[in-house]
Amino acid sequence: MAHRITLIPGDGIGPEVAEATARAVEAAGVDVAWERVDAGTTALAKSGEMLPKAVFESLARTHVGLKGPTATPIAGGHRSINVALRKKLDLYTNFRPVRMLPGLKTRFQGVPIDMFIFRENTEDLYSGLEHEVVKDVVESLKVITRTASIRIARATFEFARREGRKKVTAVHKANIMKLSDGLFLKCCREVAEEFKEISYGELIVDNACMQLVMRPETFDLLLLPNLYGDIVSDLAAGLVGGLGIVPGANLGERDAIFEAVHGSAPDIAGQGKANPTALMQSAVLMLAHIGEREASRRLQQAIECVYAEGKSLTADVGGSASTTEFTTAVISHIQ
Ligand code: NAI
């Protein structure tokens, strides 16, 4: 029976990388009945709504989404579609594997980078609680709760145990935000106590950024509140070739949405230049999630073959291939 999956192409380069990824998933031998629904500025233009009801209706049927990036206006305008989706579906774990692809030339070539980022996905400064106290004085509320901190910490340690990983590093700024980040750390320590076989450490976020650049190979699992997780994810993407590479998953108890770390890249949208690797690698995670482990392995292997050959890479990683040429190369390597 076909897997029903919600496909949200999104904005900017979203439709280009989403269609490329859908082609690759089908070529991996998986029978998918895609439910294509629009969100973001694309949806606004078509239906007058940024996040139409159809998105939630489809996800209520499928419980699995593959999503292209959606644009969010800066300093004003509508709230982020991503924040709304993650909160509404309670997708509390943002999971991002950061790994070197074979053959890819980066500043850190030869360094064995292999880490996983676990970012809390529902609260912190993304609560959207901002107000002007008096003219020219604004407050933005950082919300940290025991419930959300415990469950992201538990998701991280459970993954470490399941996958035989060795070390979890919690990242914080509890020297300054003693109550909020203090509570996050307290929860991480409590959960760490239940997983004695996994080593647990803590780093203040500024030091963590420096260590990530100086010694990226020493990191295993990173456990972060929402904002630091967002920033550190892009930093980590830079270590392994940039935003065109790193995949992600938003996971809840019932639903999951798979999407790249990158945004809608308006500077290259519509030019056929976008690198679909990050969304394709997100689809690799998605296929494993829906139980298609063999297809997941096949697709990952095909992506790695294309990088090892180095002949059909997109411009962001030093090649000159178009999105379509890269996709065709991946498909031709699926065995
Ligand atoms: P961005 O990630 O869209 O782009 C940053 C730089 O990386 C640009 O130079 C872009 O061309 C390049 N890039 C990103 N993805 C690429 C790919 N797949 N292939 C080749 N080059 C790629 O970040 P930016 O410019 O800060 O944000 C643009 C919009 O995206 C904003 O509206 C932002 O809110 C939104 N955004 C959405 C996300 C999501 O839907 N999950 C995540 C991050 C940002």
Side-chain angles (χ1 to χ4, degrees), residues 6-21 24 37-44 50-51 55 65-87 89 91 94-96 101 104 106 117 119 121-122 125-126 128 226-227 229-251 256-283 285 303 306-307 312-327 330:
T6 302
L7 182 64
I8 305 169
D11 301 322
I13 60 168
E16 299 166 62
V17 293
E19 285 313 316
T21 303
V37 285
D38 286 317
T41 50
T42 316
L44 186 66
M50 297 294 300
L51 194 48
V55 175
L66 182 65
K67 178 183 167 295
T70 40
T72 311
I74 292 172
H78 67 83
R79 283 190 65 194
S80 161
I81 299 297
N82 297 315
V83 173
L85 266 174
R86 292 166 188 175
K87 282 185 104 158
L89 299 175
L91 305 173
N94 191 305
F95 168 74
R96 293 169 162 178
L101 281 165
L104 179 59
T106 73
I117 292 176
R119 163 187 172 194
N121 220 12
T122 59
L125 277 162
Y126 293 69
N226 207 343
L227 179 63
D230 192 357
I231 297 167
V232 167
S233 292
D234 275 37
L235 187 157
L239 302 174
V240 296
L243 285 167
I245 303 293
V246 178
N250 301 287
L251 307 167
I257 296 181
F258 296 81
E259 65 176 339
V261 172
H262 65 73
S264 58
D267 52 338
I268 56 164
Q271 299 171 30
K273 287 184 185 168
N275 186 350
T277 305
L279 195 61
M280 283 188 188
Q281 294 206 96
S282 306
L285 301 174
I303 295 168
V306 173
Y307 276 89
S312 307
L313 304 183
T314 48
D316 59 310
V317 288
S320 57
S322 66
T323 310
T324 310
E325 286 161 349
F326 173 84
T327 306
V330 169

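One-based numbering, in listed order, for ligands and for the atoms of each.
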Distance to the ring centre below 6.0 angstrom and angle to the axis at most 45 degrees; does that hold for R96 and F258? no
What I want to check is whether the side chains of S264 and D11 have a donor and an acceptor closer together than 3.5 Å. no
Donor-acceptor check, side chain of E16 to backbone of G270, threshold 3.5 angstrom: yes or no? yes
With no hydrogens and no angle check, just 3.5 Å: does a side-chain donor-acceptor pair link N121 and Y126? no
Could you pull out every protein residue that has a heavy atom closer than 4.0 Å to ligand 1, ordered by chain and then number? I13, K67, P69, T70, A71, T72, N82, L243, G244, E259, V261, H262, G263, S264, A265, P266, D267, I268, A274, N275, D316
Does the N250 side chain pair with the main chain of N94, one donor and one acceptor, at a distance under 3.5 Å? no
Within this structure, what is the OG1-CD distance for the pair T323 and E19, rounded to the nearest 0.5 Å? 12.0 Å
